[in-house]
Amino acid sequence: GAGVSQSPSNKVTEKGKDVELRCDPISGHTALYWYRQSLGQGLEFLIYFQGNSAPDKSGLPSDRFSAERTGGSVSTLTIQRTQQEDSAVYLCASSLSRDNSPLHFGNGTRLTVT
Amino acid sequence: DAKTTQPPSMDCAEGRAANLPCNHSTISGNEYVYWYRQIHSQGPQYIIHGLKNNETNEMASLIITEDRKSSTLILPHATLRDTAVYYCIVRVALSSYKLIFGSGTRLLVRP
């Protein structure tokens, strides 16, 4: 079946511009997660959705970062006024629920801020 | 969440078994052991998880010691496509949606 789909796969933007990253989770998965992976670094948790609600936004680096989820499905991560340190691979994952179900990851969006 | 320790790199010959160790000496009774791998330019891929008993699926086997302080992921017949970074993670059931990824083990499968 279809896995987690993320778009675009690559995004190059100029410093100061806003970007939107999209995630289509696996159908029926109620939990959705955003992670960030900088070059040569481990995965950094950003935000978690259960349905359309985000019980934990503690990993968002600053108020320039926001995310929403609609219809219990698609999620958008928005970065306003991008900075060079925002350059990373942004990964989305989904799971059936938060109760010990494995997370299934997409292949990410590689964001480059010039 | 309990911390895990893995060797930074390993290699094995194609067709042989790859045995990847993980230490999690501070694991709690309700923490599961998860294994993921990440192939270059792809997102992490779920492999297997377990609590106390050994587990096997189509990808791998997971052997957890009786005291649960360490585990081994076994790829029975490694192929070149198994070259990846393998992450061992402990996760508390019902309360932890954050997977804490360490630095993992870089496995190189040699032809």
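The model shown is predicted, which means the values in this text are computed figures rather than measured ones. Every chain is numbered from 1 and lettered A, B, ... according to where its sequence line falls, protein lines coming before strand lines.
Contacts from residues 57-77 of chain B to chain A, taken as heavy-atom pairs separated by less than 4.5 Å, involve no residues at all. At a heavy-atom cut-off of under 4.5 Å, chain A is reached by Tyr36(B), Gln38(B), Ser41(B), Gln42(B), Gly43(B), Pro44(B), Tyr46(B), His49(B) from residues 35-52 of chain B, listed in order of number.
Clustering ILVMFWY residues whenever any of their side-chain heavy atoms sit less than 4.5 angstrom apart, transitively, puts Leu46(A) in a cluster other than the one holding Tyr48(A). In the hydrophobic clustering of ILVMFWY residues, with side-chain heavy atoms under 4.5 Å counting as a link, Ile47(A) and Phe65(A) come out together. The cluster map of Ile, Leu, Val, Met, Phe, Trp and Tyr, joined by side-chain heavy atoms under 4.5 Å apart, puts Leu103(A) and Phe101(B) in the same cluster. Hydrophobic clustering (ILVMFWY, side-chain heavy atoms < 4.5 Å, transitive): Leu32(A) and Leu43(A) are in distinct clusters. Both Ile79(A) and Val113(A) are assigned to one and the same hydrophobic cluster, defined by single-linkage of ILVMFWY side chains at heavy-atom distances under 4.5 Å.
Around CZ of Arg16(B), the count of heavy atoms belonging to other residues, nucleotides or ligands within 6.0 Å does not exceed 12. Counting non-hydrogen atoms of neighbouring residues, nucleotides and ligands closer than 6.0 angstrom, the CG atom of Leu39(A) reaches no more than 12 such neighbours. Counting non-hydrogen atoms of other residues, nucleotides and ligands closer than 6.0 Å to CD of Glu14(A) gives a total of 12 or fewer.
For chain B, no part of Thr109(A) is nearby; none of its heavy atoms comes within less than 4.5 Å. Looking at Gln37(A), the atoms closer than 4.5 Å to chain B (heavy atoms on both sides) all sit in the side chain, from C-beta outward. Proximity to chain B (any heavy atom under 4.5 Å) is restricted, for Leu91(A), to the side chain, taken from C-beta onward.
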